[in-house]
**Student:** 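Structure provided below as C-alpha cells; questions to follow.
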Amino acid sequence: MKKKSVLLIAVAIVLIAVVASIVYIYWPKPGGGAQTSEQTLKPVSLRIMTTWSQWSADDFNRYFFAESGMPRAGVVQPSAAMILNITNITFIRVEDPKIWREAGLNGSVDGFIGQNRYNITTLCYEGALHPIQDPKILELAKNIPDTLKGYTKDGKLCWVAIYFMPYVWLVNLDYAKKVGVEVPNTWSDLLKPEYLSIITQGAYLMAVYPVPNRDPMVNSVNTILAKYGWEKGWSIIAVVMGAASKLETSSKAAGDSVAFGKALLTVLGFDTAFTEYSMFPGKLDIVFPKNETGYWFTPIAIAANVSSDRLDGMYRLIRWALTDMQDKMLFNRSGWSFNMPVLGFNNTSPRMAFKEKAIQNLFATPTDLELALGEAAPATTLYANILVTDKDVRSLLREVVTKIIEKYQSNQISLDDYYRYIYMIGRPPKFKDPLTGNETTFSLDEARQLGMAIRSGTIKGEDLEKELKSAIINNLNTILQTLG
C-alpha cells in the first residue's frame, strides 16, 4: 500500500513538473511579447555592405546575436537575432560608392549601412536601392524628419537614417556675460559689431582647431558655404574662425578652452559637447545654430536585386533598428550611446532632451551643391585651414578686422560700410593656378577642378597652399590700404 502511494505521489510530481514547464514555455513573459509572433519566420542570413569600421561591425553582431538577450532584472530574454530569426549577418566594408552601386544592381549583397547623404541619395536615384514598402517601417518613418530619410524620384522611401550626430556649439554663458553679449543663434550673428568688437578687449569669439580630418570643422565649413554662399560664407570662416578665434590643437583642447573661460564658443560633435556640458551644466550650454546645424548620419537601405527571402530579412532588421535599437542599444551600449537616435520613443537617456532642438535646426545641403562641395573638398579644406591656422594670415586677418571695428565704433564708417568691408575679406582672391599656370579666381568651379586634381595627384596640396596663402595676404593688404 505504501509503495502504491509513493508511486502515485511520484507520478503526480512528474505531471506537475510537465505542466509547469509547458506553462513556463508558452506563458507570455515580460518583454517577450514579440517572441511567439516571430517564431514562424523563415531563417535568413544577410550580407550587408557598410562603411562601419571593423570594430563597429563586430560589436553590432555581438550585441545583436548575443548581448541583446542578456538577463534584465532577472528575466532571461531571447536575443534580437533569435526573435527575428536572422541566423547570420556578414558585413562587407567598402567605402567606394561605385562598388556599392554595382553590388546593389547585381544582387551580391542584400543591404547597405552607411555612406553620406549625397552618396546614398545618388545610389537611390540610380536604381541601386530597393524601395522600402513595409507598412510598419513606413509608419515609423512618418516620425523621422526629411533631413534623415530619402525618397526615389517618384516618391517611394529609399533609405532611412538609424542614428545621427549633430555638430553643435558649446557656449560659455559666464563668458558671454563677461564680454557683454547675448548667446548667438546663427553663424551670421557672429559678424555683427557687438560680437566682433570683443576682440578689441582681447577676448575671443571662438576656440578653433585645425580643419583637415576634424569632422566638426570640415562639416561647419561646408554648412556655412552652403547656407550663406561662396563670398559671405568665406567671410564668416575668415573673420570668425580666423580673426576672432583662439587657435587650439584639437577639439578636446577647444572644448576645454571654452569650459575654462578662454573663448565664447566652439563647434563640437554633440557627444563631446554633452560630456563638457555635463561637468558644468550651469556654466555651459549646448546651442544648435538656428536652421544651420550641420550633422552626419548613418542610413540603412536595401539592395535593388535582393531576393524575396532576404528582402523580408532586411525588413525585419530595419524594423528592429527603428525600435529596439533606438531604445536599448543606443541607450546603454558603450560606443553607441553617444549617437542621437532618430526615434527613441522609450529611450530615457538625458541626451534625448536635446533631440527635438537638434532635429528642428538640422541643415541639409541641396544635393547638387553637396556634390560640388564634395568634389571641391580637398581645395576648400586646404583654403579654410590657411584661414584658421596659418600664423601670418591669422595675424593679418585680426589687424584688418580690428581696424574695421575701430572705424565703425568711431563713426568713421556706417553700418553698411562695416559689412561691405567684412564681406570684402571673403571675396575669392585671384591666384596662380598650379594646374594651368594662369591667374584665376578661387571660385567654387575652380575649387572643384583643384579638388579633383589633388585627389588624382595631378597637383600637390602644398603647391596650391603656397599660391592661395600669397593671394589671401595680397587681398588683405589691399583691404588695409583701402581702410587707410
Side-chain angles (χ1 to χ4, degrees), residues 95-98 116 118-119 122 208 210-215 217-243 365-397 399-400 420-482:
E95 296 279 352
D96 189 347
K98 293 178 182 177
N116 61 37
Y118 171 76
N119 285 340
T122 300
V208 296
V211 179
N213 302 315
R214 271 78 167 193
D215 289 343
M217 290 293 289
V218 172
N219 184 277
S220 294
V221 167
N222 285 336
T223 298
I224 291 167
L225 292 174
K227 178 70 185 288
Y228 291 99
W230 194 250
E231 186 170 318
K232 185 175 180 180
W234 283 120
S235 296
I236 293 172
I237 294 163
V239 173
V240 176
M241 295 185 176
T365 303
T367 304
D368 289 346
L369 182 53
E370 191 167 22
L371 166 62
L373 290 171
E375 291 177 341
T380 53
T381 298
L382 187 150
Y383 189 78
N385 202 50
I386 296 170
L387 297 171
V388 171
T389 66
D390 186 89
K391 182 179 178 181
D392 299 329
V393 171
R394 285 176 58 84
S395 176
L396 195 51
L397 276 168
E399 183 180 353
V400 170
R420 182 170 62 84
Y421 282 117
I422 289 292
Y423 294 143
M424 284 174 66
I425 295 172
R427 187 173 298 162
K430 291 186 178 297
F431 72 107
K432 183 181 177 182
D433 185 347
L435 266 175
T436 64
N438 299 326
E439 186 178 72
T440 188
T441 301
F442 188 67
S443 62
L444 176 55
D445 286 340
E446 179 65 20
R448 293 174 74 176
Q449 297 301 318
L450 292 167
M452 290 186 285
I454 292 173
R455 282 195 178 98
S456 67
T458 307
I459 61 172
K460 295 180 179 179
E462 52 265 34
D463 293 337
L464 178 59
E465 181 179 5
K466 179 181 176 181
E467 295 297 336
L468 288 174
K469 176 180 175 178
S470 176
I472 292 169
I473 288 174
N474 289 339
N475 185 48
L476 293 174
N477 280 323
T478 300
I479 297 172
L480 271 179
Q481 292 173 4
T482 306

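All values reported here derive from a predicted model rather than from experimental measurement. Positions are given from 1 along the sequence.
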**Student:** In Å and rounded to the nearest 0.5 Å, what is the OG1 to NZ distance from T440 to K430?
**Tutor:**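 Spacing of OG1 (T440) from NZ (K430) equals 7.0 Å.
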**Student:** Tell me, please, which residues at least two apart from S220 pass side-chain contact (heavy atoms from CB on, under 4.5 Å).
**Tutor:**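 Listed in chain order: W187, M241, V267.
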**Student:** To the nearest 0.5 angstrom, please state how far the CD atom of E375 sits from the CD atom of Q449.
**Tutor:**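 The CD atom of E375 sits 8.0 Å away from the CD atom of Q449.
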**Student:** In this structure, which one of L468, N474, I472 forms a side-chain contact (heavy atoms from CB on, under 4.5 Å) with S470?
**Tutor:**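 The option that passes is N474.
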**Student:** Can you find a pair of side-chain heavy atoms, one from L480 and one from L396, that are under 4.5 Å apart?
**Tutor:**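 Yes, close enough: below the 4.5 Å cut-off.
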**Student:** List the residues meeting salt bridge (charged side-chain N to carboxylate O under 4.0 Å, His left out) with E399, not counting sequence neighbours, and say none if there are none.
**Tutor:**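 Scan of E399 (salt bridge (charged side-chain N to carboxylate O under 4.0 Å, His left out), adjacent residues dropped) gives none.
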**Student:** Would the distance check show the side chain of R448 and the main-chain N or O of L371 forming a donor-acceptor pair, the cut-off being under 3.5 Å?
**Tutor:**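 No, the answer is negative, given that no donor and acceptor are paired below the 3.5 Å cut-off.
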**Student:** Heavy atoms, side chains only, cut-off 4.5 Å: are L450 and D433 in contact?
**Tutor:**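 L450 vs D433: side chains touch.
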**Student:** Salt bridge (charged side-chain N to carboxylate O under 4.0 Å, His left out) with D390: which residues, sequence neighbours excluded?
**Tutor:**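 With sequence neighbours excluded, D390 shows a salt bridge (charged side-chain N to carboxylate O under 4.0 Å, His left out) to K469, given in chain and number order.
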**Student:** Between V208 and T389, does the side-chain contact (heavy atoms from CB on, under 4.5 Å) criterion hold? Intermediate values first, please.
**Tutor:** CA-CA 9 Å; V208 296; T389 66; over 6 Å; no
**Student:** Kindly determine whether T441 and E446 satisfy side-chain contact (heavy atoms from CB on, under 4.5 Å), including the steps that lead there.
**Tutor:** CA-CA 7 Å; T441 301; E446 179 65 20; over 6 Å; no
**Student:** What heavy-atom pair brings A379 and G451 nearest, and what distance separates the two atoms?
**Tutor:**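 Closest heavy-atom pair between A379 and G451: CB-N, 4.0 Å.
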**Student:** Does any N or O in the side chain of N385 come within less than 3.5 Å of the main-chain N or O of P210, such that one atom is a donor and the other an acceptor?
**Tutor:**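 No, N385 side chain to P210 backbone: no donor-acceptor pair under 3.5 Å.
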**Student:** Indicate the ring-plane relationship of F442 and W230, choosing parallel, tilted or perpendicular according to the 30° and 60° boundaries.
**Tutor:**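 It falls in the tilted class, 30° to 60°.
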**Student:** Does R394 reach the main-chain N or O of A243 with its side chain, forming a donor-acceptor pair under 3.5 Å?
**Tutor:**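 Checking the backbone N and O of A243 against the side chain of R394, no donor-acceptor pair under 3.5 Å is found.
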**Student:** Which heavy atom of P212 sits nearest to which heavy atom of T381, and what is that distance?
**Tutor:**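 So the minimum-distance heavy-atom pair works out to CA-CG2, 3.8 Å.
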**Student:** Atom OG1 in T122, atom NZ in K98: separation rounded to 0.5 Å?
**Tutor:**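 Result: 12.0 Å between the selected atoms.
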**Student:** Should T482 and Y421 be marked as a side-chain contact (heavy atoms from CB on, under 4.5 Å) after you check the CA-CA gap, both sets of side-chain angles, and the distance that decides it?
**Tutor:** CA-CA 9 Å; T482 306; Y421 282 117; 3.9 Å; yes
**Student:** Check I237, N475, V239 against I425 for a side-chain contact (heavy atoms from CB on, under 4.5 Å) and give me the one that passes.
**Tutor:**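 Going through I237, N475, V239 one by one, the side-chain contact (heavy atoms from CB on, under 4.5 Å) with I425 is satisfied by V239 alone.
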**Student:** Hey, are the side chains of Y383 and L464 touching, using non-hydrogen atoms and a 4.5 Å cut-off?
**Tutor:**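 Side chain of Y383 against side chain of L464, heavy atoms only: no contact under 4.5 Å found.
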**Student:** CD of E462 to CD1 of I454: how many Å apart, nearest 0.5 Å?
**Tutor:**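 E462 CD to I454 CD1: 9.5 Å, rounded to 0.5 Å.
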**Student:** Between atom CG of L444 and atom CG of L373, what is the distance when rounded to the nearest 0.5 Å?
**Tutor:**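 CG of L373 is found 6.0 Å from CG of L444.
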**Student:** If only side-chain N and O atoms count, and only distance matters, is there a donor-acceptor pair under 3.5 Å linking S456 with T458?
**Tutor:**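 Yes, a side-chain donor-acceptor pair sits under 3.5 Å.
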**Student:** Shortest non-hydrogen contact from Y423 to E231?
**Tutor:**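 Smallest interatomic distance, heavy atoms only, reads O-OE2, 3.6 Å.
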**Student:** Answer yes or no: does atom CG of D368 have more than 12 heavy-atom neighbours from other residues, nucleotides or ligands under 6.0 Å?
**Tutor:**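 Check fails, neighbour count at 12 or below.
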**Student:** Quick one: pull up CG in L476 and CG in D392 and give me the separation to the nearest 0.5 Å.
**Tutor:**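 Reported value, rounded in 0.5 Å steps: 11.5 Å.
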**Student:** F431 and A471: which non-hydrogen atoms are nearest, and at how many Å?
**Tutor:**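 Nearest pair, atom of F431 first, then A471: CB-CB, 3.6 Å.
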**Student:** Would you please test L369 and T365 for side-chain contact (heavy atoms from CB on, under 4.5 Å) and show each step?
**Tutor:** CA-CA 7 Å; L369 182 53; T365 303; 3.9 Å; yes
